[in-house]
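Right, one structure below, let's go through it.
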There are 2 protein chains.
Amino acid sequence: MAVMGRPRTFDRDKAVDEALHLFWQNGFEATSLNQLKAAMGGGISAPSFYAAFGSKEALFQECVQRYLETYAQVTECLWDTDMAPREAIETALRQSARMQYERGHPKGCMVGLGVMSAPSEEHASVSAALTRSRSRTRKGFIACVQRGIDRGELDPGIAPEALAAVFDAFLMGLSVLARDRVRLSVVEAGISQVMLAWDSAAPKHRGSPYA
Amino acid sequence: MAVMGRPRTFDRDKAVDEALHLFWQNGFEATSLNQLKAAMGGGISAPSFYAAFGSKEALFQECVQRYLETYAQVTECLWDTDMAPREAIETALRQSARMQYERGHPKGCMVGLGVMSAPSEEHASVSAALTRSRSRTRKGFIACVQRGIDRGELDPGIAPEALAAVFDAFLMGLSVLARDRVRLSVVEAGISQVMLAWDSAAPKHRGSPYA
DNA sequence: CTAATAATGTACCGGTCGATACATAAATAT
DNA sequence: ATATTTATGTATCGACCGGTACATTATTAG
């Protein structure tokens, strides 16, 4: 049943998507109210905007939330313990790369690119959710490496955060490559190459004379 | 001999450095004239600013130029053909990582973080120099991998851009890790790990029974 | 019907943005 | 000493920033 009051003349859900695209493309500060209003259902007024979203920052948080629930799910496999850890990492990288290059939305990853959305410490609240997401993905890489060690696929002598940092930094860097129009095929071939860092961290052969 | 006219009351050279720090920290758009003016020699007026630098964008370009001539030199070893290509890449990564974590200036790499300084295609001129620098470093990585192949250190079957993309994306991602306060020691251990991707791309053993 | 609720359109708020006009002050050139 | 050159201080420009006041319109609740 519909609620009381005059009905909205634009699709709020679609409006959030359009706002998400603008924030994704330009960042929080560089996206203006006028841009946001103009992009929503062919243009809405300021009061309509504030009635629907409260404030620019509240809308941004809503967009981040939506991003995390949709596009950012590509890296959720890092937490899937049913998947072999090496496969989880490679899958996360490949799915993220494909997502970042998809047509129909800005290139790159909003979570990674958002590192510049909170310049000073004061405005840290703006991008706190993005920072938290990066931290979580970072822990996901570490957990996969730890699982690899526990399963005997990786040398127990390596530091989990070190190998995880390879995939973490590589993934964060993909956004820059995507924005710079490095071809997806190159990035995908790069993923195959970076996975060799995992393979090189395998334990020494049993009975190796120098182990 | 000094030039004619009333002398400047602030050190223009130091002012560029202070502006560089602000742009590095906040990006082009998020750095305001008031911030820049306030940071220069204890505060200067708007006319003094424009007399000295012309415009905000002109100052930004000057800051980028200075960054490229100083901090960004850490990756110049990629073009040093007297250095073994693997060593050149590892040196570039280690020097850049140390630079990005140095105290006394913002964390991360201005060239990498600047990818968000030009949201739309219209303002591309603002960050064109940064984009060109990334493109140049990218070519440097490719050139090193190509040299590795030519020297027989790498399997000639690999695509140079693919392995180069590993180091390229890794380097670009370091800025995010630095901003996220991932410890330098972790990043440095990560560099050792990512270099294993190079080692894994070595040619098959001569006379290998399965080659 | 009337009351209550909620979104809309018009017009506008104070603040900050980057940038400038204009007169004045401090140096050099002759 | 005077002219020239350049930077300074004060005061301000129009444009845009995020955000609102207020009356109006469209819907539901009773």
Side-chain angles (χ1 to χ4, degrees), chain A residues 1-16 18-20 22-23 25-64 117-120 122-123 125-127, chain B residues 1-16 18-20 22-23 25-64 117-120 122-123 125-127:
Chain A
M1 185 176 71
V3 290
M4 217 186 296
R6 180 172 178 171
R8 209 170 258 121
T9 60
F10 62 97
D11 187 327
R12 190 185 188 284
D13 211 59
K14 283 184 183 173
V16 172
E18 287 157 339
L20 168 57
L22 284 171
F23 284 131
Q25 177 66 44
N26 307 326
F28 175 71
E29 300 204 70
T31 304
S32 72
L33 256 293
N34 279 338
Q35 284 180 275
L36 291 165
K37 282 157 31 187
M40 291 174 170
I44 67 170
S45 69
S48 295
F49 177 92
Y50 283 95
F53 306 110
S55 72
K56 182 187 176 184
E57 179 169 351
L59 173 60
F60 181 75
Q61 302 298 353
E62 200 168 333
C63 290
V64 169
S117 288
S120 65
E122 313 163 11
H123 307 102
S125 66
V126 172
S127 65
Chain B
M1 186 175 74
V3 290
M4 217 186 297
R6 179 172 177 171
R8 212 170 257 122
T9 61
F10 62 97
D11 187 327
R12 192 186 186 284
D13 211 59
K14 284 185 184 173
V16 172
E18 287 157 339
L20 168 58
L22 284 170
F23 283 132
Q25 177 66 42
N26 308 325
F28 175 72
E29 301 203 69
T31 304
S32 72
L33 256 295
N34 279 337
Q35 285 179 275
L36 291 165
K37 281 158 31 187
M40 292 174 169
I44 67 170
S45 69
S48 296
F49 177 92
Y50 284 94
F53 307 110
S55 73
K56 180 186 176 185
E57 179 169 350
L59 173 60
F60 181 76
Q61 302 299 351
E62 199 168 334
C63 290
V64 169
S117 288
S120 65
E122 314 161 11
H123 307 102
S125 66
V126 172
S127 66

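Values reported hereafter were calculated over all heavy atoms of this structure, with side chains retained and with hydrogens, waters and symmetry mates removed. Each chain gets a letter, A, B and so on, in the order its sequence line appears, and its residues count up from 1.
The minimum heavy-atom distance between A:M40 and A:L36, with the atom names listed, is CG-O, 3.1 Å.
Put simply, the side chain of A:F23 reaches to within 4.5 Å of the side chain of A:K56, judged on heavy atoms. Proximity of B:F60 to B:T31: side-chain heavy atoms (C-beta onward) are nowhere separated by under 4.5 Å.
Residue B:F53 is classed as having no contact, given no heavy-atom separation below 4.0 Å to the nucleic acid.
OP1 or OP2 of D:dC17 has at least one side-chain nitrogen or oxygen of A:N34 nearer than 4.0 Å. In this model, the phosphate group of D:dG9 is approached by a side-chain N or O of B:S45 to a distance below 4.0 Å at OP1 or OP2. Between A:S48 and C:dT8, a side-chain N or O to OP1/OP2 separation shorter than 4.0 Å is present. Phosphate proximity of C:dC17 to B:S32: present, with a side-chain N or O under 4.0 Å from OP1 or OP2.
The interatomic distance linking B:L33 (CG) with C:dA19 (C1') rounds to 8 Å, in whole Å. Straight-line distance from the CZ atom of A:F10 to the P atom of C:dA6: 15 Å, rounded to whole Å. As a whole-Å value, the separation of A:I44 CD1 from C:dG9 P is 9 Å. As rounded to whole Å, 13 Å separates atom C1' of D:dT8 from atom NZ of B:K37. Atom-to-atom, CD of B:E29 to P of D:dC17 comes out at 11 Å; the value is rounded to the nearest Å. Rounded to an integer number of Å, the gap from B:L59 CG to C:dA19 P is 11 Å. Per the geometry, CD belonging to A:Q35 stands 12 Å off P belonging to D:dC16, to the nearest Å. In this structure, CE of B:M40 is placed 12 Å from P of D:dT8, rounded to the nearest angstrom.
Take A:T9 and apply the side chain to side chain donor-acceptor pair (under 3.5 Å) test, not counting sequence neighbours, and it matches no residue. Applying the side-chain contact (heavy atoms from CB on, under 4.5 Å) rule to A:S32 yields the partners A:N34, A:Q35; only residues at least two apart in sequence or on another chain are considered. With sequence neighbours excluded, the residues that form a side-chain contact (heavy atoms from CB on, under 4.5 Å) with B:E62 are B:R12, B:V16, B:F53.
Projected onto DNA chain C by closest heavy-atom contact, B:K56 and B:P7 fall at different nucleotides, the more 5' of which corresponds to B:K56. Mapping B:M4 and B:A51 onto DNA chain D via the closest heavy atom, the residue that lands nearer the 5' end is B:M4. Both A:G5 and A:F49 lie near DNA chain C, and the one whose nearest nucleotide falls closer to the 5' end is A:G5.
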Under 4.0 Å protein heavy-atom contacts per nucleotide of nucleotides 20-25 of chain D, with B for base, S for backbone only and - for none: BB---B

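Note on residues 44-54 of chain A: pairs passing side-chain hydrogen bond (donor to acceptor under 3.5 Å, both in side chains), not counting sequence neighbours, are A:S45-A:S48.
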